[in-house]
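A short write-up of the structure that comes next.
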Amino acid sequence: MLRSNPGLALCILIALAAICFALFSGDPYYVQVVIWVFANAVLAVTLRFVLLIGELNIATAAFFGIGAYATAVASTIYDLPFFISLLAAPVIAGLVSALFGWITLRTKGPYFLLISFAFTEIVRLFYTKSEFLGGNSGMIGMFPPMVLNDYYPAIAITLLAAILFGLYLTERSNLGRVFKAIQNNEDIPRSVGLNVIGLKILCFVIASTAVGLAGGVHAYTNSVIAPADFTFFVAVLALAYVKIGGEGHIIGPIIGAATLTLAGQFLHSFGPYENIFYGAIIIGVLLLMPGGIIGLGKGFIGSSTVRRDPH
């Protein structure tokens, strides 16, 4: 598989290098930036994953927050062990997404987009009105145990990289091909007896469970979370990562997330002009590279997973 896809092999090497950097680097700031890159890559890849069934999922921001708050509650209120607190993130996000998907995925297109946007705002307002979740101030105190403190960055990067690899394998599997068939024409899989609604829910749950775990990692990485961290703007940025990197291959959103996350750190030095330059980068790439950054290297990454753009 790696011989036929050198782009994937390169990504694995980068992930291994990032893990080594997290273990041996003495600068906690740069290590944290690396974790942010991987977390943003998960946000982008999970958003793209739901695009496989032809739906734009703004609720990815909501499930990122649900995972973060689930871990925060398990860690600070119930004082559960580290790994159990982390496990709470994908479990809660997966359960909520199954119910949400069962209710909403009978709609599609702009209707699903609007519902997912509304759900994200409802969840955010729930955080702000819930005193036990800290209200507008959020929650604080999510720290890995002392025995794992030096190893946590490597654990975080390993988990996030594993999520990305798992989503890649799922897309390449027969199940992933069925998701793409649903995107192209729902009537064809339905005509051979497949439960299209059930499969769409499954795709949504897989993506939401993955992004929920990323939310748990985010909570332990930052040690502080607040409702403002999980607005619909998070999903807008994830969509920007997808479009900048290119959605024809799973590597595209990863490259887009890395590019814009690192650019954002560099542009902090421009103060009030930061957002102007950030927006200019996005517009420039979209105008000059309509296929995204990976459009410049299709031969390198391989074309086996290139998909039709449903939008």
Side-chain angles (χ1 to χ4, degrees), residues 11-46 60-61 64-65 67-72 74-76 82-83 85-86 89-90 134 137-165 210-231 233-235 237-238 240-241 244-245 253-271 274-275 277-278 281:
C11 286
I12 292 175
L13 289 175
I14 291 172
L16 292 174
I19 293 168
C20 292
F21 179 77
L23 285 171
F24 302 112
S25 173
D27 192 322
Y29 170 73
Y30 288 115
V31 171
Q32 192 170 49
V33 170
V34 172
I35 297 175
W36 289 340
V37 167
F38 277 82
N40 287 338
V42 171
L43 277 166
V45 169
T46 51
T60 189
F64 186 60
Y69 270 94
T71 289
S75 175
T76 61
F82 170 72
F83 286 108
S85 297
L86 264 183
S137 299
M139 302 184 72
I140 189 171
M142 293 73 71
F143 300 106
M146 290 296 296
V147 68
L148 293 177
N149 194 53
D150 292 338
Y151 303 101
Y152 172 74
I155 293 171
I157 293 171
T158 301
L159 286 173
L160 295 170
I163 292 171
L164 296 171
F165 189 62
V211 81
L213 180 55
V217 171
H218 170 81
Y220 270 118
T221 300
N222 287 17
S223 301
V224 179
I225 58 173
D229 298 334
F230 309 110
T231 66
F233 188 65
V234 172
L237 281 177
Y241 302 150
I244 292 299
I254 297 173
I255 294 174
T259 300
L260 290 183
T261 302
L262 295 176
Q265 297 305 307
F266 171 75
L267 292 173
H268 281 329
S269 59
F270 288 88
E274 173 188 350
N275 290 334
F277 287 111
Y278 196 81
I281 291 173

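Residue numbers count from 1 along this sequence.
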Report, as yes or no, whether the 6.0 Å neighbourhood of atom OH on Tyr30 holds more than 12 heavy atoms from other residues, nucleotides or ligands. no
Qualifying residues under side-chain hydrogen bond (donor to acceptor under 3.5 Å, both in side chains), relative to Tyr278, sequence neighbours excluded: none
[X] to [Y] - nearest heavy-atom pair and separation:
| X | Y | value |
| --- | --- | --- |
| Ser85 | Tyr220 | CB-OH, 3.4 Å |
| Ala70 | Ala89 | CB-CA, 4.0 Å |
| Ala44 | Tyr241 | CB-CB, 3.7 Å |
| Ser137 | Ala226 | O-CB, 4.2 Å |
| Phe82 | Pro145 | CB-CD, 3.5 Å |
| Pro153 | Val31 | CB-CG1, 3.3 Å |

Is it true that Tyr152 and Phe143 have ring centroids separated by less than 6.0 Å?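 No, ring centres 6.0 Å or more apart.
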So, taking the atom named [atom1] in [X] and the one named [atom2] in [Y], what distance separates them when rounded to the nearest 0.5 Å?
| X | Y | atom1 | atom2 | answer |
| --- | --- | --- | --- | --- |
| Thr158 | Ile163 | OG1 | CD1 | 11.0 Å |
| Phe83 | Leu148 | CZ | CG | 5.5 Å |
| Thr259 | Ile281 | OG1 | CD1 | 9.5 Å |
| Ile14 | Ile157 | CD1 | CD1 | 12.5 Å |

Tell me if a side-chain donor or acceptor on [X] pairs with a main-chain N or O of [Y] at a distance below 3.5 Å.
| X | Y | result |
| --- | --- | --- |
| Thr261 | Ala258 | no |
| Ser75 | Thr71 | no |
| Ser223 | Met142 | yes |

Could you pull out all residues at least two apart from Phe277 that satisfy ring pair (Phe, Tyr, Trp, His ring centres under 6.0 Å)? Phe270
Evaluate the side-chain contact (heavy atoms from CB on, under 4.5 Å) criterion for residues Leu160 and Leu164: first the C-alpha distance (whole Å), next the side-chain angles of each, then the deciding distance (0.1 Å), finally the verdict. CA-CA 6 Å; Leu160 295 170; Leu164 296 171; 5.7 Å; no
Test item: Phe64 and Val42 side chains (from C-beta on) under 4.5 Å apart, heavy atoms: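 A side-chain contact is absent here, since even the closest heavy-atom pair is not under 4.5 Å.
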Checking Gln265 now: which residues fulfil side-chain contact (heavy atoms from CB on, under 4.5 Å) with it, not counting sequence neighbours?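 Gln265: side-chain contact (heavy atoms from CB on, under 4.5 Å) contacts with Tyr29, Val33, Trp36, His268.
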The side chain to side chain contact (heavy atoms under 4.5 Å, CB included) partner of His218 among Asn40, Leu213, Ile225 is Ile225
Determine, stepwise, if the pair Leu260 / Leu237 fulfils side-chain contact (heavy atoms from CB on, under 4.5 Å). CA-CA 9 Å; Leu260 290 183; Leu237 281 177; 5.9 Å; no
